[in-house]
**Q** 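Before I ask anything, let me first share the structure, which is written out below as structure tokens.
Treat the numbers as computed from the prediction; the structure is a model and nothing was measured.
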Amino acid sequence: MPVKQQLLILGTLAVIGLEGAYILDQALSPAEAGVEVRQAPAQRPAVFGNFLNSDSASRPVSERRFAQGEAAPAAPAPAPAATPAPAAAAPAPPVGPVVDETALRYFARQGDDRRLQAEIARLRALYPDWNPPDDFSAPAPIADAALDQMWKLYGDGQYAAVRAAIAARLAREPQWQAPPDLLARLEIGEQRERLVNASNAQQWNTVVSIAAATPTLLTCADVDVLWRVAEAFGKSSRTGRARDVGTYILTNCQDPKERLATIQKAMGYLDDSELADLLKLERIGADGQGEFAPVKNDLARRRVAAGAKDPSLAVAPEDIALVERLVREGTGPDDAVLLGSYWFQHNDPTRAAQWFELAKGRADNAEIARGYAYVLNALKRPAEAEEAAYKWRDASKENTDAYLVVATAMLAVDPPVKMDREVLTRTAKAISDAKYAPGAQEFGWYAYKIGQTAIAARWFETALSLMPEDEPSAYGLALSNQKLKDKAGFDKVVREWSARSPRIAALADPKARRNLVPAAESLPGPDGETVAPAPRAARVEAADDEELEPEPVARPVRRQAAPRAAEPSVARAPQRSAARGGGRSCTGAARPALLSAMSALTRGWCLMELNRPIEAADAFDVALRTSYGQVAQDAAYGKTLAYLRAGLTDQAAASAAQTSQAVPRAIELKTEILTQRAIGSYNDGRYVETLLMLDERSRIAPEQNDLMMMRGWSYFHLRRWNDAKTIFVAVAGTGSREAQRALATLAQEMKPK
């Protein structure tokens, strides 16, 4: 298209203001740009853009336009992609006016074609009879060299230097007047500079004030200013106005990259519903693809990431499916990690493991290792979790914490598992170096359960030095000192803790005895040294008569003694006759070690009838060690029940693993062990562990109302309101008044604050 014809077409696109017109922001024909061309009313008052007014939200988009202020030229943008189209206002020209072409020729010399075309359109709007020069490359006489230098300074963005040059010339030539066009451009340029500085300094109200005072800045020619104004609204809790700015850009501006960037920037300050309003303005290309497809991918990722942080936030299946598709189509690990984190937070570690394993196959980094370790730990694979976390344990504090958590969980496995010496040593070193009290306590219990009593005592001492008020560590130290016959150490713990811990006070009773789990190889202590394993027949005094206070309303579960299970027929007759006073009584003093296997077994059931589980455990242990076959099975069964009744869940689990049992007995014992562990976790405030225990238990036994209430309250404490409500409603349907009160408490908690 010839230059002159193109200029004529551009001239028809000028928008005329009160005394002038805005300049088009793009040098395109109406057909190419798809822009509506309108002639402004001749006498329309100058006001700021409607999206800054308080009633903008109630107006249709077609009315939310930038109303023309006093016709002034737009300032140049520093970035080439956002160069504003200059505009200027001038008084109604006299007959045969002299057109100031200084700026026009300056832009031509600079090779700035966009601003050149905008200046041509501006001059044609102001001077309809004016025609641009045919050849801008032809040298034009410079009538005023000083003025030309001012234009050069302006073009370089040196506004202060332009002001200084104007002031100096006025001092030399008082009659000289600076061109209004230059002054108008200079004012707009300075205002733009102030707006950008305020935006960079996050002075949002200042940004809005400058924009309101200089509406000629707000054009598609300088979309960066529009983005900054939208951000100022969004970051100052006026997201409705920020959405209106985005609507203006997407309705009027044509550059595809700027339109996509508008949505991407809006994601930083608009919520999903407000973004949905902008996404409705998407244009579909000839290939059938929407221009905002990349943003929709990012939005799906954002929603999944939010769900990965908040377990109460369920992400729509279509968003999950979109991110899964991105994983399949891509080669990076990030989207797979996102999905793994989401499913882990939503209590589906099996799915989470699949995504973390995929991510691990694509990359090996600290974030993947940390997430994968947590998932393996949730799947009850602590040894694998420890191995996964070990390599990256020093990468960050989060990774160190992850390693300590999974290593501690590995030590807490019941019954204790045999571990390689290398694993035990590095675990001991990590726990000691980090001064991680829960790990020190769990190492103490691990050592205690496999017969490393001296090492156990040292670990319990370490745990107490880190957590002086930790009762389980004090209890473990008391048991260890008692077993080691360290009377001074034992008495010291009892003196300090007997008033606060009934079960520690009960250890002073010489009748409270039980055997230790058979010993294994020597273990590392907190200082790295080892101690030879204790003899198999070593004994330790213990009792657990702890009485727990009733739970508050929000934690209604309390630890209870294990219910009496069906006892083997071989022991029932002696047990019942002893309890009724017939046959041999078990109320007198006796040394179980001197009894035969059958006599020890009979005495054990007799003591269970008298609710003396610790003494019963001693008797059962003698029968277990001196017999085989059915008697040994019955003794292991009775010993496990005794520990359960005493509340010693860990010891009960170890006892249950000593011999194989018939399937009904094995299920019965496992059910009760999981029940007590769930109650213990709940009472300790470990609600995620409580749910894991209840989930495992539900696979082998139905869940009664009391355990369902425990599950509901666990959801409550984890702020999973909908899950809690489902459980409470189900229990309330059975007529439970406790569940009805729980629903009332939940409703109160869910009220907006």
Side-chain angles (χ1 to χ4, degrees), residues 349 353 369-370 372-394 399-463 466 472-473 476 479-480 483 515-536 538 540 648-659 673 677 689 692 696:
R370 182 171 68 248
Y372 190 42
Y374 278 129
V375 168
L376 290 173
N377 191 52
L379 289 172
K380 303 300 182 185
R381 293 154 60 184
E384 296 175 64
E386 187 274 341
E387 183 179 0
Y390 181 73
K391 177 181 177 181
W392 295 94
R393 69 195 182 284
D394 296 327
N399 281 74
T400 300
D401 292 344
Y403 178 74
L404 293 171
V405 167
V406 299
T408 300
M410 178 178 64
L411 294 168
V413 171
D414 278 322
V417 296
K418 181 177 175 62
M419 287 183 265
D420 292 340
R421 179 72 185 177
E422 179 186 356
V423 174
L424 285 170
T425 301
R426 72 191 189 192
T427 302
K429 184 178 185 305
I431 291 173
S432 295
D433 291 348
K435 295 181 170 55
Y436 186 59
Q441 181 205 118
E442 209 60 63
F443 217 126
W445 284 117
Y446 179 83
Y448 183 80
K449 285 184 286 186
I450 67 170
Q452 296 275 336
T453 313
I455 290 294
R458 287 159 57 185
W459 277 111
F460 286 132
E461 288 172 349
T462 300
L466 299 172
S473 295
L479 288 174
S480 300
K483 169 60 191 152
N515 276 351
L516 211 56
V517 178
E521 61 178 298
S522 59
L523 293 178
D527 53 3
E529 297 180 3
T530 61
V531 175
R536 175 181 177 88
V540 61
L648 301 175
T649 312
D650 292 341
Q651 288 73 22
S655 176
Q658 286 184 285
T659 61
I673 289 170
R677 283 179 173 167
E689 292 180 35
L692 291 174
E696 187 173 351

**Q** How close do V413 and P382 get, counting heavy atoms only, and between which atoms?
**A**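 V413 and P382 have their closest heavy atoms at CG2-CG, 3.5 Å.
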**Q** What I'd like to find out is whether the side chain of L479 reaches to under 4.5 Å of the side chain of F460, using heavy atoms alone.
**A**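 No; the side chains remain at least 4.5 Å from each other.
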**Q** Please report the shortest heavy-atom distance between N377 and A385, naming the atom on each side.
**A** N-CB, 3.7 Å
**Q** Assess whether atom CD of E696 is packed by more than 12 heavy atoms of other residues, nucleotides or ligands within 6.0 Å.
**A**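 Result for CD/E696: enclosed.
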**Q** Give every residue pair that meets the salt bridge (Lys or Arg N to Asp or Glu O under 4.0 Å) criterion with at least one member in residues 433-443, sequence neighbours excluded.
**A**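 Sorted pair list: K429-D433.
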**Q** Do E387 and L376 have side-chain heavy atoms sitting under 4.5 Å apart?
**A**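 Contact flag for E387/L376 side chains = no.
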**Q** Looking only at heavy atoms, what is the nearest atom pair of G444 and A456, with distance?
**A**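 Scanning both residues, the minimum pair turns out to be O-CB, 3.3 Å.
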**Q** Find out whether T400 and Y436 are in side-chain contact, i.e. whether some heavy atom of one side chain is under 4.5 Å from a heavy atom of the other.
**A** no
**Q** What pairs meet the ring-ring contact (aromatic ring centres under 6.0 Å, His included) rule with one or both residues in residues 403-430, with sequence neighbours excluded?
**A**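 Residue pairs passing ring-ring contact (aromatic ring centres under 6.0 Å, His included), neighbours aside: Y390-Y403.
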**Q** Please determine whether side-chain contact (heavy atoms from CB on, under 4.5 Å) holds for the pair M419 and L411, giving the CA-CA distance in whole Å, both sets of side-chain angles, and the decisive distance to 0.1 Å.
**A** CA-CA 9 Å; M419 287 183 265; L411 294 168; 3.7 Å; yes
**Q** Give the minimum heavy-atom separation between A388 and A369, together with the two atoms involved.
**A**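 Minimum heavy-atom separation between A388 and A369: O-CB, 3.7 Å.
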**Q** So, taking the atom named CD in Q441 and the one named CG in L466, what distance separates them when rounded to the nearest 0.5 Å?
**A** 11.0 Å
**Q** May I ask you to test the L404-I431 pair for a side-chain heavy-atom distance under 4.5 Å?
**A** yes
**Q** Less than 4.5 Å apart, any side-chain heavy atom of M410 and any of V423?
**A** yes
**Q** Between Y374 and A402, what is the shortest heavy-atom contact and its length?
**A** OH-CA, 3.3 Å
**Q** Any idea which heavy atoms bring S480 and T453 closest together, and the distance?
**A** O-CG2, 3.5 Å
**Q** Can you find a pair of side-chain heavy atoms, one from W459 and one from S432, that are under 4.5 Å apart?
**A**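 Side-chain contact under 4.5 Å: yes.
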